[in-house]
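The block underneath contains the structure these notes are about, expressed in structure tokens.
For the single chain, residues carry numbers from 1 onward in sequence order.
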Amino acid sequence: METRELVQSVCPPIAALGSRFYFDPGTLARGKEAGLDGFRLYVLGRGGVLGDVEATVVHSAFGYFNPALVAKIWNSAKEIMAPRDGGRLYMECAGAFGSSKLGGVAGLGTFNAAADKVIDAGLVDSSAQALFAAVASEPRSDETAARAFQNVAVLRELRGSLHLVAIVASGLSTEMAHRVRRPDDVEMFGWTSDAQVTDEHRAKWETAEALTDELIAPIYSVLDSAEAQALADGIAAIEAALAE
């Protein structure tokens with residue numbers, strides 16, 4: 001399997017699958033125990049790996065959201081739990097989700113070996129990828145199914161961080177990128193619904209998508225053909241398991 005083919009095959013499902021634990025009932029229950037509602041757990045959990053930083057730093061790593069919304073949720077959440085504790089809790093939630101959903105999936109050992117190799121390659125030079133570097137530096141479980149889903153979540157942040165770089169490089173604001181990609185979710189991300197998406201915005205989005213593939217391909221190229229197949233097969237198996 002060619003690297004570009006692998007990237008285009010696995011990255012879309014990784015993007016969809018890696019967020020599946022965010023608002024899962026098990027995750028929400030862990031957040032409730034800690035005094036955090038679902039949205040505060042999401043912001044503190046994803047952003048907490050960056051440390052006890054200002055909300056502007058979190059927004060710089062997230063993109064897409066209205067900065068005022070990030071500040072409101074982040075500042076109130078970190079009054080309840082220390083950010084690094086929130087980040088670690090979120091990774092534990094990802095692992096628990098994997099354990100509960102993927103225990104019977106075959107081939108996750110070879111998937112993890114390939115995923116770990118991609119993540120390690122991404123960390124060799126993670127310039128401009130603060131969120132990926134931070135979450136990839138958190139400990140991941142030694143239990144196969146738990147680690148498999150944690151790896152999916154980390155790989156999601158790898159492409160997400162590079163996509164943010166590509167969007168900025170393509171001259172598109174993350175607000176408009178979000179409006180192109182998720183037009184029905186703009187208010188949930190703190191924006192009003194009145195801005196108009198133009199053909200120019202869509203063209204810049206397509207440019208950013210292509211550039212993201214160019215940026216991420218060298219990282220995935222560390223895999224040999226067998227490892228690439230193991231990664232692709234693992235993502236397909238995880239996708240099938242979570243569709244049940």
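The shortest heavy-atom contact between Ala55 and Ala71 is CB-CA, 3.5 Å. Here the shortest heavy-atom pairing between Leu102 and Ala241 reads CD2-CB, 3.9 Å. Taking every heavy atom of both residues into account, Leu155 and Ala115 meet most closely at CD1-CB, 4.1 Å. Closest approach of Val154 and Ala136 over heavy atoms only: CG1-CB, 3.8 Å. A pairwise comparison of heavy atoms in Ala82 and Leu44 identifies O-CD2, 4.4 Å as the closest pair. When all heavy atoms of Gly171 and Lys204 are compared, the pair lying nearest together is O-NZ, 3.3 Å.
Both Ile219 and Val222 are part of a single hydrophobic cluster, where members link through side-chain heavy atoms under 4.5 Å apart. Cluster membership check: Leu123 shares its hydrophobic cluster with Val165, using side-chain heavy-atom separations under 4.5 Å among Ile, Leu, Val, Met, Phe, Trp and Tyr. Side-chain heavy atoms closer than 4.5 Å link hydrophobic residues (I, L, V, M, F, W, Y) into clusters, and following such links, even through other members, never connects Val168 to Trp191.
Distance CD/Gln229 to CG/Leu223: 11.5 Å, rounded to 0.5 Å. For the atom pair CZ (Arg46) and CE (Met91), the distance works out to 12.5 Å, reported to the nearest 0.5 Å. From Glu206, atom CD reaches atom CG of Asp199 across 11.5 Å, with rounding to the nearest 0.5 Å. Atom CZ of Arg156 is separated from atom OG of Ser161 by 10.5 Å, given to the nearest 0.5 angstrom. Note: Phe132 CZ to Leu162 CG = 8.0 Å, rounded to the nearest 0.5 Å.
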With a 3.5 Å cut-off and sequence neighbours excluded, list the donor-acceptor pairs that the side chains of residues 60-70 form with protein atoms.
residue	atom	partner	partner atom	Å
Ser60	OG	Val57	O	2.6
Asn66	OD1	Ala68	N	2.9
Asn66	ND2	Gly190	O	2.9

Identify all side-chain donor-acceptor contacts of residues 25-32 below 3.5 Å with residues at least two apart in sequence or on another chain.
residue	atom	partner	partner atom	Å
Thr27	OG1	Phe21	O	2.7
Arg30	NH2	Glu92	OE1	3.1

Identify every side-chain donor-acceptor pair in residues 210-217 under 3.5 Å, counting partners at least two apart or on other chains, and give the distances.
residue	atom	partner	partner atom	Å
Thr212	OG1	His163	ND1	2.7
Thr212	OG1	Ala208	O	2.7

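A donor-acceptor pair is defined here as one N or O able to donate and one able to accept, closer than 3.5 Å; such a pair exists between the side chain of Glu143 and the backbone of Ala146. The backbone N or O of Thr198 sits less than 3.5 Å from a side-chain atom of His201, completing a donor-acceptor pair. Not a single donor-acceptor pair under 3.5 Å links the side chain of Ser126 to the backbone N or O of Gly122. Judged purely by atom type and a 3.5 angstrom limit, Ser19 has no side-chain atom pairing as donor or acceptor with the backbone of Tyr22. Between the side chain of Arg147 and the backbone N or O of Ser141 there is at least one donor-acceptor pair closer than 3.5 Å. Of the possible donor and acceptor atoms, one in the side chain of Asp37 sits under 3.5 Å from a partner among the backbone N and O of Arg40. Here the side chain of Glu79 pairs no donor or acceptor atom with the backbone of Ala77 at under 3.5 angstrom. Checking side-chain atoms of Glu227 against main-chain N and O of Asp224 turns up a donor-acceptor pair under 3.5 Å. The backbone N or O of Pro218 lies less than 3.5 Å from a partner atom in the side chain of Ser221, making a donor-acceptor pair.
A salt bridge between Lys117 and Asp120 is absent, with no side-chain N of the basic residue lying under 4.0 Å from a carboxylate O of the acidic one. Salt bridge present: Glu209 and Arg159 bring a charged side-chain N and a carboxylate O closer than 4.0 Å. A salt bridge links Arg179 with Glu175; the closest basic N to acidic carboxylate O contact falls under 4.0 Å.
When each of Leu17, Val10, Leu242 is tested with Val152 by the rule side-chain contact (heavy atoms from CB on, under 4.5 Å), just one qualifies, namely Leu17.
A donor and an acceptor atom, one from each side chain of Thr56 and His59, are nowhere located under 3.5 Å apart.
The shortest side-chain heavy-atom distance between Leu158 and Ile14 does not fall under the 4.5 Å cut-off. Under the 4.5 Å side-chain criterion, counting only non-hydrogen atoms from C-beta, Tyr90 is not in contact with Val49. Counting heavy atoms from C-beta on, the side chains of Ile167 and Trp205 come closer than 4.5 Å. Two residues are said to be in side-chain contact when any heavy atoms from C-beta on lie closer than 4.5 Å; Ile238 and Leu108 meet this criterion.
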(message) Test side-chain contact (heavy atoms from CB on, under 4.5 Å) on Gln150 and Glu138; report intermediate values, then the result.
(response) CA-CA 10 Å; Gln150 288 174 329; Glu138 289 292 320; over 6 Å; no

(request) Apply ring-ring contact (aromatic ring centres under 6.0 Å, His included) to the pair Phe23 and Phe39, showing each step before the final yes or no. (result) CA-CA 8 Å; Phe23 299 102; Phe39 205 14; 7.0 Å; no

(request) Run the numbers on Val105 and Phe149 for side-chain contact (heavy atoms from CB on, under 4.5 Å), then give the verdict. (result) CA-CA 11 Å; Val105 176; Phe149 191 79; over 6 Å; no

(message) Quick one, Leu89 with Met81, criterion side-chain contact (heavy atoms from CB on, under 4.5 Å). Give me CA distance, side-chain angles, the key distance, then yes/no.
(response) CA-CA 10 Å; Leu89 172 63; Met81 176 177 279; 4.1 Å; yes

(request) Give the C-alpha distance, both sets of side-chain angles, the deciding distance and a yes or no for side-chain contact (heavy atoms from CB on, under 4.5 Å) between Phe111 and Asp233. (result) CA-CA 8 Å; Phe111 166 78; Asp233 288 347; over 6 Å; no

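Screening residues 48-61 for salt bridge (Lys or Arg N to Asp or Glu O under 4.0 Å) gives Asp52-Lys78 as the qualifying pairs, with residues at least two apart or on separate chains.
For the side-chain contact (heavy atoms from CB on, under 4.5 Å) test, no residue two or more places apart in sequence or in another chain qualifies with Ser225. In this structure Thr207 satisfies the side-chain contact (heavy atoms from CB on, under 4.5 Å) test together with Ser170, sequence neighbours excluded.
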